[in-house]
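In this chain, numbering begins with 1 at the start of the sequence shown.
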Amino acid sequence: MRNYGDDCAIAAQASQGAIALIRTSGNDSLELLAKVFSRPQSLLKAAGNSVVYGWIQDKNGSPIDEALVSVYRAPRSYTGEDGADISCHGGCTAVNTILETLRKAGFCDALPGEFTFRAFMNGKIDLTRSESVMEMVSATTKNALEHAIKRLSGILEREIKAIRDTLLEAVSAAELFLDYPEDEIDEGPPPYREAAEKALKKLKLLAASYNRERLYQEGAIIVIAGRPNAGKSSLFNALLKEDRSIVTEMPGTTRDWIEASVSIKGIPLRLMDTAGLRDVEIGHNEAEIQGIKRSKSLIQEADIILYTVDSCAGLCEDDKKFLAEYTDSSLMLIWNKIDRTESLSTPQSEESNHFVPCVSVSAVTGKGLNELCTSITDLLLQKISASDDLTIFETNDQAGLGTQRQKELTEKAVTYLEEAILLDEKDESLDLIAPLLRESLNALGEITGEVSTADILEIMFSRFCLGK
């Protein structure tokens with residue numbers, strides 16, 4: 001159970017770096033810190049958002065470390081409480097010694113997410129902005145960071161509250177109708193219906209944004225497959241812009257899969273180079289056989305398969321067979337080695353029995369790689385739009401859902417609204433409709449934290465890192 005005492009924790013990872021940061025917060029945090037600070041009066045009299053120089057020292061007054069203390073006064077602080085950030089020298093020994101000194105002075109160890117939890121409880125931020133803090137910490141691409149910053153700035157909170165205000169109109173109108181007999185109600189559609197439909201439309205768009213946001217956060221799996229010597233490893237290296245995979249003219253060089261992380265157009269991708277696909281006899285080469293089995297297993301997990309073909313050799317029967325088997329939207333044909341052939345023509349769609357997006361590239365010269373990167377991101381975004389049956393237009397001011405929790409609660413609100421509107425279309429009693437509208441409203445309140453329980457908050461903030 002979280003407390004409201006005076007806590008401390010490492011806010012910047014202790015390492016061999018030059019500087020470390022220790023955060024403290026609580027109503028008496030400055031008084032406790034003054035006990036182990038060489039200039040206690042200067043610290044106690046310091047204004048908020050100011051810095052005090054001094055030494056952290058033990059109970060005997062012996063110096064432990066030289067430090068700069070950034071002082072914060074309630075309510076103008078991250079947590080909404082009095083607090084201080086101690087900038088000290090880096091290194092595990094120095095940091096741990098200071099933390100032990102703070103404990104002896106009366107501080108307790110902060111739990112994961114303790115300071116952001118206090119910020120939420122003190123009304124500094126809502127739950128959507130709280131969750132965006134950890135999104136920023138875990139962001140692996142610039143796009144993921146930018147999207148998290150939008151949520152931290154309150155764009156999602158404002159969108160949820162706007163929808164909630166619209167839905168509140170529907171709830172108020174429905175409950176008002178319940179207070180009057182039917183003969184006093186004007187004919188025509190009930191006034192809550194329009195507001196409910198307006199809120200439902202916005203909620204569906206918001207729910208559909210989650211898959212796009214998750215793509216920028218978690219990325220996708222891209223598997224490079226094809227026959228031996230199609231240039232898969234060269235393409236892998238070219239996309240990484242470094243030599244990670246061995247490249248030779250000998251077929252079957254790659255016996256196992258190789259994985260690396262890469263960012264393409266702001267989307268984090270797990271790129272995998274696999275063993276060449278070909279028919280080999282049992283006992284021919286066990287290492288290659290196992291490599292081919294693993295390649296086929298990875299293909300099943302891929303978000304996109306870059307099936308690579310040597311344009312000099314053209315499509316062989318094995319290639320056509322593979323392309324015929326994988327007819328979903330995850331497949332892309334890579335017409336490789338165009339630097340070695342005069343013909344830049346790509347295979348016709350009828351050769352593979354269905355339409356497959358095809359990109360001509362040279363992994364050696366880099367020709368066509370920009371087009372390939374664009375095609376990969378376009379295909380990923382198309383798959384998202386197709387799965388949602390909605391087209392999401394990304395704009396600078398667009399709000400998007402950043403967590404599974406937000407998505408589930410948004411979908412819950414949608415379900416209640418759809419059921420309420422369906423009952424209204426069937427002329428069912430308002431006694432059945434009004435509670436559904438209220439449940440939808442409560443689901444939105446859970447997203448921002450206006451409606452919450454101690455258990456839910458404990459689970460959510462326990463996933464944060466220490467010092468946040």
Side-chain angles (χ1 to χ4, degrees), residues 220-260 262 264-265 269-279 288 291-292 295-296 298-299 302-327 329-380:
I221 298 175
I222 308 297
V223 172
I224 302 175
R227 286 179 49 76
N229 258 14
K232 300 183 300 299
S233 295
S234 296
L235 180 60
F236 179 81
N237 291 338
L239 290 172
L240 286 183
K241 297 181 180 178
E242 62 177 280
D243 291 334
R244 282 288 303 277
S245 211
I246 297 174
V247 177
T248 72
E249 294 294 333
M250 183 184 299
T253 302
T254 303
R255 298 298 177 85
D256 202 351
W257 57 275
I258 301 174
E259 178 182 340
V262 63
I264 294 180
K265 305 292 185 180
L269 302 177
R270 290 173 57 195
L271 190 63
M272 298 182 178
D273 180 21
T274 61
L277 301 174
R278 63 173 172 175
D279 292 329
E288 186 175 2
I292 292 172
S295 296
K296 292 180 177 179
L298 289 171
I299 286 171
D303 292 295
I304 291 182
I305 305 164
L306 301 182
Y307 190 80
T308 309
V309 175
D310 182 349
S311 62
C312 299
L315 285 177
C316 70
E317 289 304 316
D318 286 341
D319 295 325
K320 295 177 183 179
K321 181 181 178 181
F322 181 93
L323 295 173
E325 288 179 2
Y326 291 88
T327 57
S329 59
S330 300
L331 185 63
M332 186 181 298
L333 180 60
I334 309 303
W335 199 238
N336 196 15
K337 302 185 183 182
I338 58 173
D339 57 298
R340 295 188 180 184
T341 178
E342 295 181 359
S343 174
L344 299 181
S345 61
T346 57
Q348 300 299 312
S349 59
E350 59 267 19
E351 290 187 80
S352 57
N353 300 325
H354 68 288
F355 176 75
V356 177
C358 183
V359 181
S360 298
V361 304
S362 168
V364 174
T365 67
K367 186 173 183 178
L369 288 182
N370 286 336
E371 290 79 359
L372 173 58
C373 291
T374 299
S375 298
I376 290 173
T377 55
D378 287 349
L379 184 55
L380 287 170

About how many Å separate [atom2] of [Y] and [atom1] of [X], when rounded to the nearest 0.5 Å?
X: Leu333; Y: Asp319; atom1: CG; atom2: CG; result: 8.0 Å
X: Leu315; Y: Tyr307; atom1: CG; atom2: OH; result: 8.0 Å
X: Ile304; Y: Leu379; atom1: CD1; atom2: CG; result: 4.0 Å
X: Asp318; Y: Lys320; atom1: CG; atom2: NZ; result: 11.0 Å
X: Cys316; Y: Phe322; atom1: SG; atom2: CZ; result: 12.0 Å
X: Leu306; Y: Lys232; atom1: CG; atom2: NZ; result: 12.0 Å

With side chains defined as the heavy atoms from C-beta onward, is the minimum distance between [X] and [Y] less than 4.5 Å?
X: Leu271; Y: Phe236; value: yes
X: Leu235; Y: Leu372; value: yes
X: Ile224; Y: Thr274; value: no

Ser311 (side chain) donor-acceptor with Asn336 (main chain) under 3.5 angstrom: yes

For the residue pair [X] and [Y], what are the closest heavy atoms and their distance?
X: Ile264; Y: Thr377; answer: O-CG2, 3.6 Å
X: Ala302; Y: Ser330; answer: O-OG, 4.5 Å
X: Val359; Y: Ser375; answer: CG2-OG, 3.6 Å
X: Leu380; Y: Ala220; answer: CD2-CB, 3.8 Å
X: Gly314; Y: Trp335; answer: CA-CH2, 3.7 Å
X: Asp273; Y: Ser233; answer: OD2-OG, 2.7 Å

Stepwise side-chain contact (heavy atoms from CB on, under 4.5 Å) test for Met332 and Ile305: CA-CA 6 Å; Met332 186 181 298; Ile305 305 164; over 6 Å; no

Step-by-step side-chain contact (heavy atoms from CB on, under 4.5 Å) determination, Val361 to Ile338: CA-CA 6 Å; Val361 304; Ile338 58 173; 5.5 Å; no

Flag for Asp339-Thr365: side-chain donor and acceptor within less than 3.5 Å: no

SB check Lys337 Asp310 (cutoff 4.0 Å): yes

Working for side-chain contact (heavy atoms from CB on, under 4.5 Å), residues Ile222 and Ile376: CA-CA 9 Å; Ile222 308 297; Ile376 290 173; 4.2 Å; yes

CA sep, side-chain torsions, deciding dist, call: Cys373, Leu239, side-chain contact (heavy atoms from CB on, under 4.5 Å): CA-CA 8 Å; Cys373 291; Leu239 290 172; 4.1 Å; yes

